[in-house]
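Order of the sequence lines sets the chain letters (A, B, ...), proteins ahead of strands, with each chain counted from 1. The figures here come from the full heavy-atom set of this structure, side chains too, leaving out hydrogens, waters and symmetry mates.
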Amino acid sequence: MIIKINEYSDIPIYMQIRNQIVMGISSGELEAGEQLPTVRALSTEIGINTMTVSKAYQILKTEGYILTDRKNGARVRMEMNRSKSINNENKDELKRIVSEAKLSGISINDFKKMIEEMWGK
Amino acid sequence: MTSMYFGLLMFFCMVPVLFFVFISMYPRKWENKNRIFGVNNRPEFNNEKSHEFINIVTATHRKEALIILILLVLIAVALLVIPDFTTKMIGWSVYIYVAFFAILVPYALGNSEMKKYKKYLGVISEKVMYADLKNVGKIHSLNVPMLIIADILGLFVVAFAVLIDINILPINLGIFQGTFICTALVASITVTNIIAAPIAFIVDNSRNDVISENSDINANYNRARKKVFTDFIVAMSWVDDFMAAFTILMFIFLHSEIVMIYILSFYLLLLLFSVFIFTLRKIALDKRYLTVESKLIEEDDDSWILGMFYFNPDDKRFSVEKRIGMGWTVNMAHPMGKLISVFAIITIVASLASMIWIGMMASTPIDIHENDEYIICHHLWDEYKINKSEIVSAEYSDLSNIHAVRIAGTGMENVAKGDFKVDGIGKCKFFLNPQAGNYIKIVTSDQIYYISDNTEDETSAFFKNLSE
């Protein structure tokens, strides 16, 4: 799985890492139980501070996407916490995206199709 | 003879290297290259207007580089005809710096123009970095046992040379026995192993390039890329060991100074051959994997000063792969990179200063004179004083009668001063001009001196005065 880090982006680097790992898990690019690189290895690879990667892993752990332990490092969780709901922050984000889509003139069917494609992916 | 041999050796090493630099840095066609003067080849460059502009830029700087190359070859030919060894050595040393600087000037100009053109097109550097999560920290190619064995073997060879020099092993080095010249030469060959080993580990653990969306392609490319470089270092470590052992054998069987020139020449040729093989493998690898279409562009053009020096304070890595040439370079914004850059600058300045120093030594004639108490030998800042009352004997003779090896001091065509070991006599003090042809041997109660003035006539006249 390729992760892309944009140093000039408004999104902090640790969030970029977090988001892309979440997308990787969702799309199946990162399988359940799959080993993630160590904090040091990933920070060396991207050329960023170890604390940045550590923060991203910490968030992923708190959110229940990965497990970390001293012996095995970080792994994708075998079973995710399926709350069957999305949090308020994401709801607000979704609201913004839907609003912009409406303003752009896209039809609801096309928008749904787009979501279905993304969902399937 | 030595001067001519040295000149030819330098000529046949330098000229092909310069041709190779020209061919690799100034290609005729830029369209299928990943970079143009160190700036990423982008889809935005493929329209007609850009094509025309880049054609002009590349052709102009290629032409400039070609003119510089021709001039450099002519200068190299001119250096061949310098008869004096010291002048020739200084000339070639300065030539190496000038040649590499000059041939890179059009490249730097091209880099600057391409960056400006990128700005003109409105291409903004996004500073994007890619990482292939599946390969992070997993791609290694270094043959660690082979490298370690080569390094240990090298240390054994040095230890063997030391044991010979300190007479623990009953092997005769002839006039070189006890001078540590053999040990110094062997150590200087094997010390490159000690420097190369950490570089091999750094490269083996360096970040992986992302050239494709496919992790397997990325893994294969990076494994091969690291293997080409680490194989080169491992091979060179074994070559060094072989050369070090060969050096000892040469010292044992040929008790002659010419041995060092043969060893150095052979070593340079081996090095050149290894670099050639390494380059061919690298070109084949890049041809196979790096196509403009497949490459994910990492936008860090602005971090490459003149397209050659990497300076990126946001990048915590110490070393990165070079954009021109082969191998890796340091991130000059990294604390360690800063230290190495300062060290490199000091080395360049020091070597140029040493050239000036050698030039002064070669151009300043040695001088011997006397007063009532002493014979005074003077050359630049060095002065030997021989107390006349301590002189036991003095004789005047022809230099061709003695065979001496320098232990410490200066040994140039027209200046030999310092500690030398004379065949059949042992350690002596030299202060003479070998070109003068004759010498005065002065034996005092605690030292033997071989001195001369700047010419045979002056030496003869001085001896006459001294005898009277």
Side-chain angles (χ1 to χ4, degrees), chain A residues 1-57 59-60 65-68 72-77 121, chain B residues 123-140 201-219 221-222 226 294-303 310-321 328 330-331 333-337:
Chain A
M1 183 211 162
I2 313 295
I3 61 169
K4 181 182 172 183
I5 303 297
N6 188 341
E7 285 180 34
Y8 287 171
S9 167
D10 293 337
I11 305 166
I13 292 176
Y14 69 89
M15 278 308 283
Q16 291 184 43
I17 297 171
R18 178 259 172 210
N19 291 347
Q20 290 184 59
I21 289 178
V22 170
M23 283 193 276
I25 295 169
S26 161
S27 67
E29 279 185 278
L30 286 173
E31 290 164 13
E34 190 170 329
Q35 179 86 50
L36 291 175
T38 62
V39 169
R40 183 175 289 274
L42 187 55
S43 60
T44 308
E45 191 81 358
I46 310 172
I48 55 175
N49 203 306
T50 47
M51 291 302 291
T52 311
V53 180
S54 179
K55 199 170 176 183
Y57 277 16
I59 293 171
L60 287 163
Y65 293 113
I66 65 168
L67 287 170
T68 59
N72 297 313
R75 282 181 186 278
V76 177
R77 275 182 83 119
K121 202 178 168 188
Chain B
V123 179
I124 300 161
S125 275
E126 288 181 322
K127 283 217 168 182
V128 172
M129 296 281 285
Y130 295 97
D132 192 331
L133 271 195
K134 295 205 173 185
N135 294 328
V136 171
K138 289 180 189 163
I139 309 296
H140 302 286
F201 279 99
I202 288 173
V203 168
D204 198 45
N205 290 295
S206 65
R207 80 177 285 260
N208 299 308
D209 271 0
V210 180
I211 59 164
S212 163
E213 297 284 351
N214 186 328
S215 291
D216 292 337
I217 292 175
N218 290 330
Y221 168 66
N222 285 294
K226 289 179 180 180
S294 69
K295 181 82 177 167
L296 294 172
I297 298 174
E298 281 189 357
E299 265 307 325
D300 58 350
D301 289 341
D302 292 341
S303 301
Y310 188 66
F311 184 91
N312 185 356
D314 297 327
D315 190 345
K316 304 292 174 225
R317 286 173 298 160
F318 156 64
S319 64
V320 291
E321 194 167 6
W328 269 250
V330 295
N331 176 6
H334 189 280
M336 197 65 180

Checklist entry - Any sub-3.5 Å donor-acceptor pair from A/Asn6's side-chain atoms to A/Tyr8's backbone N or O? => result yes
Next on the checklist: Distance to the ring centre below 6.0 angstrom and angle to the axis at most 45 degrees; does that hold for A/Lys55 and A/Tyr14?
Outcome noted: yes
Checklist entry - Can you say whether A/Ile46 sits under 4.5 Å from chain B via the side chain, the backbone, both, or neither, judging by heavy atoms? => result both
Checklist entry - Looking only at heavy atoms, what is the nearest atom pair of B/Val136 and A/Pro37, with distance? => result CG1-CB, 3.5 Å
Checklist entry - Going through the distances and angles, do B/Asn208 and B/Tyr221 end up as a side chain to side chain donor-acceptor pair (under 3.5 Å)? => result CA-CA 9 Å; B/Asn208 299 308; B/Tyr221 168 66; over 6 Å; no
Checklist outcome for this item: Most heavy-atom pairs under 4.5 Å with chain B, out of A/Glu7, A/Gln35, A/Glu45, A/Gln20, belong to A/Glu45
Checklist outcome for this item: Note: vs chain B, highest number of non-hydrogen pairs under 4.5 angstrom among A/Glu29, A/Arg40, A/Lys4 is A/Lys4
Checklist entry - Non-hydrogen atoms of chain A under 4.5 Å away: do they reach the side chain of B/Asn135, the backbone, both or neither? => result neither
